[in-house]
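One structure is given below, encoded as structure tokens.
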Amino acid sequence: MHVVATAGHVDHGKSTLVRALTGMEPDRWAEERRRGMTIDLGFAWTALASGATVAFVDVPGHERFVPNMLAGIGPVPAAMIVVAADEGWMPQSAEHLAALHALDVRHGLLVVTRADLADPAPALAAARAEIAATSLGAVGAVAVSGATGAGLGDLRSALDRLVGGLPAPEDGGPVRLWIDRSFTIKGAGTVVTGTLGAGRIRTGDELELTGVPRPVRVRGLQSLGAAAGEVAAVARVAVNLRGVDKDAVARGAALLTPGRFRLTELIDVRVHGDSVADLPGTVTLHTGSAAVPVRVRPLGADTARLRLSRALPLRIGDRALLRDPGRHHVAGGVTVLDVAPPGLARRGAAARRADQLATMHGDPDLPGELRRRLLVRRDDLDRMGVPAGGEPVAGRWLADPAHWAALGDRLGEEVARHAAEHPLEPGAPLEALRHRLGLPDRALVEALVRPPLTVRGGRVSAGPPSVPGELTTAVDRAFADLVDRPFAAPEAYRLAELGLGARQVGAAVRAGLVVQLAENVLLPPGAPQRAVRVLAGLPQPFTLSEARRALNTSRRVAVPLLELLDRTGATVRLPDDRRTIAPPPSGRPPDRASLP
Ligand SMILES: Nc1nc2c(ncn2[C@@H]2O[C@H](COP(=O)(O)OP(=O)(O)O)[C@@H](O)[C@H]2O)c(=O)[nH]1
Ligand SMILES: [Mg+2]
């Protein structure tokens with residue numbers, strides 16, 4: 001199926017032509033038929049000689065109903081521009097053409113009708129010249145009469161040529177169905193209609209509906225008046241939604257493939273048309289079937305930031321139109337350059353942003369997006385309309401390569417700085433590093449760790465712990481008075497005098513400067529192994545006192561030392577509390593902890 005919108009001044013014969021081509025009544029409302037004037041969008045369809053089906057979105061021509069006209073042409077890729085031979089080019093001929101041009105519609109057909117009332121040649125020549133200067137370019141043209149039927153055969157052939165030249169729809173793409181009508185049917189509930197420009201909808205699908213927090217379910221589908229299990233783009237489609245209140249949905253809402261769009265209230269755009277400086281502070285943005293007032297903040301000569309009064313599911317590269325409703329003036333088309341633009345609070349930010357926007361064109365540009373955003377989640381980019389290839393650096397995160405390399409360097413610096421500021425800690429905590437580097441996710445910090453950096457126990461360090469000189473000196477001094485008593489531990493007060501608190505002791509243990517038997521009970525490294533050799537020289541088994549005397553130490557040391565030797569299997573404690581040195585391992589070594 002192909003969808004073509006009508007365009008043209010009021011009373012020039014658009015609806016008459018649609019009626020003549022399809023045999024269907026595009027003016028749906030009693031009021032429209034009474035007044036003989038289209039007010040809202042009409043829908044009708046016909047099969048052409050080629051077998052192609054063309055569905056018409058018939059739009060109102062009256063200047064009061066231009067917003068309805070824009071809702072109809074917004075999602076439609078082609079237009080049939082109708083001009084009356086007896087009236088020629090008129091104000092809404094011009095405004096409708098300006099709208100098609102602003103939306104960058106590339107495919108069209110000129111029909112000069114009411115040819116029974118006047119020579120169509122002058123109107124045809126004038127309209128052709130106007131159209132040639134727009135995005136539509138050179139279009140096919142026919143002269144007809146909706147009243148007599150003259151030329152309708154040529155018109156059908158011209159329509160066949162028009163739809164034959166339309167680009168193939170992206171039927172694998174995500175669905176964004178801009179709703180142009182919603183109503184209720186007794187027993188079925190809420191029904192919405194729209195022109196499906198890309199993707200496909202199936203009965204049973206779960207979709208997002210803008211303005212509705214929970215996903216909605218497709219209960220039934222119709223296209224061209226017949227029920228369907230599936231409808232693929234391009235198509236006119238009616239969707240029966242389960243569990244949606246009719247008041248929750250209106251023209252301008254959209255049905256969306258879940259997770260593929262983000263609603264945005266702030267966009268940066270390029271304006272094609274009037275100079276940005278001449279735009280009024282508030283204009284209406286028309287895109288799809290939506291129309292929302294926006295506040296304009298000019299940035300560059302042809303770029304601006306728009307604050308939308310209602311969030312819309314927009315993507316980079318979308319086309320929209322700005323209209324000044326007071327002046328009935330299409331101010332220009334816009335190309336969406338960014339749907340998640342950066343803040344402009346800092347001094348000079350607006351000028352820098354203008355420079356940046358000058359280089360952007362609304363094409364999906366992964367390297368450019370990474371360069372500007374530095375770090376971004378894949379799904380977020382996809383929601384913005386940038387299909388994200390590329391390898392994530394961690395989880396779903398994509399990074400600009402230069403930024404990532406710089407972050408790696410900064411991580412090394414931050415780890416070194418943390419080590420200098422906290423010499424006793426075994427590395428910098430991941431969370432602290434995440435904060436210092438301004439990263440949104442701790443997984444990114446871990447992904448940045450490269451040799452010689454290592455991550456262990458939630459901390460990043462540069463290789464084995466380095467021992468600060470003061471710590472070595474303090475430990476040396478603690479043991480200096482005890483050189484002739486190798487199993488004596490410095491007293492607690494002496495450790496305190498030397499500044500060896502719990503943190504310093506922990507660092508000294510990790511650095512292998514001391515062996516800790518209990519709080520404030522420290523021996524030089526290797527002391528437990530040497531104690532085993534001394535105790536092996538005693539008559540076996542031996543008591544705690546005999547061990548204490550042999551080691552020339554105090555109970556404060558002997559008790560935890562022997563307990564350590566028991567635990568590691570170097571000694572065996574007998575039921576009478578005496579101990580023996582364990583027999584040397586026969587064959588297999590004992591499966592026990594080793595001595596520190
Ligand atoms: N004589 C003549 N009248 C026409 C022709 N086409 C439309 N009309 C009349 O022009 C008026 C406006 O037509 P309509 O299709 O409603 O115009 P629209 O506003 O563009 O949809 C109606 O009274 C039609 O009967 C035509 O080809 N010849
Ligand atoms: Mg009409």
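The analysis underlying the following values was restricted to heavy atoms, covering all of them including side chains, and did not include hydrogens, waters or symmetry mates. Numbers here are sequence positions counted from 1. Atoms within each ligand, like the ligands themselves, are counted from 1 in listed order.
From the protein, the heavy atom lying nearest to atom 16 (O) of ligand 1 is G36 O, 3.9 Å. The protein non-hydrogen atom at the shortest distance from atom 17 (O) of ligand 1 is G13 N, 3.0 Å. Nearest protein neighbour of atom 11 (C) of ligand 1, counting heavy atoms only, is R114 NH1, 3.8 Å. Protein heavy atom nearest atom 19 (O) of ligand 1, with residue, atom name and distance: D11 N, 2.7 Å.
Angle OG1(T38) to the Mg ion (ligand 2) to OG(S15), rounded to 10°: 80°.
Here's the thing with T16: one of its N/O atoms is less than 3.5 angstrom from an N/O atom of ligand 1.
The presence of a protein heavy atom under 4.0 Å from atom 14 (P) of ligand 1 is confirmed. Protein non-hydrogen atoms do reach within 4.0 Å of atom 26 (C) of ligand 1.
Nearest heavy-atom pair across A147 and D116 is CB-OD2, 4.2 Å. Minimum heavy-atom separation, V105 to S135: O-OG, 2.7 Å.
Looking at L117, D116, T38, it is D116 that brings a heavy atom closest to atom 28 (N) of ligand 1. Among H9, E87, K14, the residue whose heavy atom lies nearest to atom 18 (P) of ligand 1 is K14.
The pair E25-R19 meets the salt-bridge criterion, since a charged nitrogen lies less than 4.0 angstrom from a carboxylate oxygen.
Contact annotation: M37 has no heavy atom less than 4.0 Å from any atom of ligand 1.
Between the side chain of T264 and the backbone N or O of V339 there is at least one donor-acceptor pair closer than 3.5 Å.
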